[in-house]
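Heads up: the structure comes next, in C-alpha cells.
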Amino acid sequence: MTLTRSELPHWETIPTDLPAAIREIKTALRTRIKASGRGVEEVFAAVEHRVAARVAEIEAAGDDVWPVVDYADIENGTVTPEQSARITARGCLVVRGHFPREQALAWDAGIVDYVEGNRFFENYTGPGDDFFGSVGSKPEIYPVYWSRAQMEARQSGRMARVQSFLNSFWRHTSNGVQWFDPDRDALYPDRIRRRPPGTDSAGLGTHCDPGTLDLWMTGAYQRAFRHLFDGTAEEYDPWDPAHRTEGPQYPGSTMCSAFRTFQGWTALSDMDHDQGVLHTVPIPEAMAYLMLRPLLADVPEDDMCGVTVNQVFPASEKWHPLLMRALTGIPDVRAGDSVWWHCDMIHSVAPVRDQRGWGNVMYIPAAPWCPRNEAYASSVREAFLTGSSPADFPEEHYERTWPDRFPAARLNATGRRGLGLD
C-alpha cells in the first residue's frame, strides 16, 4: 500500500497473511515511537510505572477496591465528588438498588417461565461459541435476547439514568467533535446467565473485549491510541473516546460491534463474593500496558502476546504478571444491584465448585448513541422484529417462533430511540 510519511500501515479488513501483517505493524509502530526521540522500552517503562502505582494502591486497599454507589444518589444527583473520583480511578462500580429487589426476582422468575414455556431445554443444541461454551454448564449462558424481562430492563428509565451517569465519565466532546450523545443509549441486546445452586463452573479466563488485532491494525484505532503510538504515552487518557466511535472492527464470534463505555450486568439473584463472581483488573490505564507490551523484544515478531482474530483478547501471567496482581472480585451483590466496568478493563469469572445459591444476571451495557452504534442498531431492529439472534452473536435463533417474546407494541420512547426508530 502507498503511505504518507506519517501514516501507519493499516488493514480495514482482516489481513490475508496475519503473521506478515503483525511483523509489519510492529516494525512501523516501533519506528513511529522512535521518531519521538524515545524508544519503545522507555515509553513502556513510563506506562509500567503508572500502572504499578495503581497496582500498589489496589493491593493496599484489601477488600475495599470496588466503588459502591446507591441508585438513589444517582437519581437525586447526590453522588459525591469523592465517589466520582474513585469511579474514575477504578473504572468500575456496583450500583446498589438499581432496581427494586422484588422487580429483579420477578424478572428472574419470568425468564424461567419464558424459556420453559417455549421448550428451550428440549431444543437446546449446545453452546454456539467456543469461549462461553468453556464454562462447562448445560447451559450457563442462555442465548435468549427478547424476553419481557430483558426488554423491560433495557428500556427502563432507571437503566437510562444509570447509563447516562456512566457515560458522563467519558470526555464525549473534544476538539469540536461530539463523539457520542451521553444521554441516549443504543439498545444493545445480550444474553442471560443462570447458574443453579450446586453448580461446578470453570469460569472464564482473564481477557478484555474492546477488539483484537484491529486495535493495532485499523486506522480509527490507530488514531484512538495515538498517544501510545507516537511516544507521548503519558498523555493517554482511558476516558477519551475520540475515534473509537467510528469503527470498523474485525468480525468474529466473540466481537462487539458497538462502542460500550461500560460493560455491565444486572443481578437477578443474590450472589456472595466467593461464589464464582466477576473479577476485574480495576485499572483503566492498563490498556496502555496491553497495547505496548507486544512491541518489546522478548515477544516473537509474529505474536501480539497471544492476541489474534476470532478470539477474545487474552491477559495472562506469561505476558502481564504485573496486571494479574490487581485482579479483584466484586463485593456481595443482591438481586436488583448492577455491576459495571470500563469497556477496556481486563476481567474474568472465577471458577466455583458446589455453588451456594443462584448466580443469575442479565447483561446490559452502556452503549451511547454514536455513528458506530447507530449503524449496529439497524441490525438490532431486524433481529428484534424477527426474534433472531443479534448480529454479534452465534446464529442460534431460538426465539423466532416463540409467541410471547417482547412485542414492538410494548416499546416505550426509550426503547424506540435505542433501536433508532425515533
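Computed from a prediction, not measured in an experiment: that's the story for all the values here.
Between W239 and F169, the ring planes are tilted. Angles from 30° to 60° get that label. Ring orientation note: the planes of F99 and W107 are nearly perpendicular, at an angle over 60° on the 30°/60° scale. Classification of the F384-F406 ring pair by plane angle, with boundaries at 30° and 60°, yields tilted. Taking the six-membered ring where tryptophan is involved, the planes of W170 and H342 are essentially parallel, since the angle between them stays under 30° and well short of 60°.
The cationic atom of R158 (NZ for Lys, CZ for Arg) lies less than 6.0 Å from the six-membered ring centre of Y71 and within 45° of the ring axis. Figure legend: cation-pi geometry between R90 and W66 absent, as NZ or CZ is not positioned both under 6.0 Å from the six-membered ring centre and within 45° of its axis.
To the nearest 0.5 Å, atoms CZ (F259) and CH2 (W179) are separated by 11.0 Å. The CG atom of D181 lies 11.0 Å from the CG atom of N373; values are rounded to the nearest 0.5 Å.
Under 4.0 Å is where a charged nitrogen must lie from a carboxylate oxygen, and between D337 and R96 at least one such pair does. Using a 4.0 Å cut-off between a side-chain N of Lys or Arg and a carboxylate O of Asp or Glu, R195 and E140 qualify as a salt bridge.
Side chain to side chain, E396 and Y145 fail the donor-acceptor criterion of an N or O pair below 3.5 Å. Side-chain polar atoms of N123 and N118 form no donor-acceptor pair below 3.5 angstrom. When only modelled atom types and interatomic distance are considered, Y188 and S257 share no side-chain donor-acceptor pair under 3.5 Å. A donor and an acceptor atom, one from each side chain of Q355 and S201, are nowhere located under 3.5 Å apart. Judged purely by distance below 3.5 Å, without hydrogens or angles, the side chains of T218 and H10 never pair a donor atom with an acceptor atom. Side-chain contact, Q311 with T308: no donor N or O sits under 3.5 Å from an acceptor N or O. D237 and H227 are not linked by any side-chain donor-acceptor pair at a separation below 3.5 angstrom, with hydrogens and angles left out of the test.
In this structure the side chain of W265 reaches within 4.5 angstrom of the side chain of V333, judged on heavy atoms. Counting only heavy atoms from C-beta outward, the side chains of I25 and M304 approach each other to under 4.5 Å. Side-chain atoms of V307 and L215, non-hydrogen and from C-beta on, never get closer than 4.5 Å to each other. Inter-residue side-chain proximity for Y289 and I283 is flagged as unmet; no heavy-atom pair is nearer than 4.5 Å. Looking at L166 and L93, their side chains come closer than 4.5 Å, going by heavy atoms from C-beta outward.
In this structure, W341 has its ring center at least 6.0 angstrom away from the ring center of H279. Centroid-to-centroid, the aromatic rings of Y250 and W11 stay 6.0 Å apart or farther.
Of the possible polar contacts, none joining the W340 side chain to the P365 backbone as a donor-acceptor pair under 3.5 Å is found.
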Given R86 and E57, is the salt bridge (charged side-chain N to carboxylate O under 4.0 Å, His left out) satisfied, shown in steps?
CA-CA 12 Å; R86 285 200 74 206; E57 291 172 8; over 6 Å; no
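The environment of R148 atom CZ is sparse: at most 12 non-hydrogen atoms of other residues, nucleotides or ligands sit within 6.0 angstrom.
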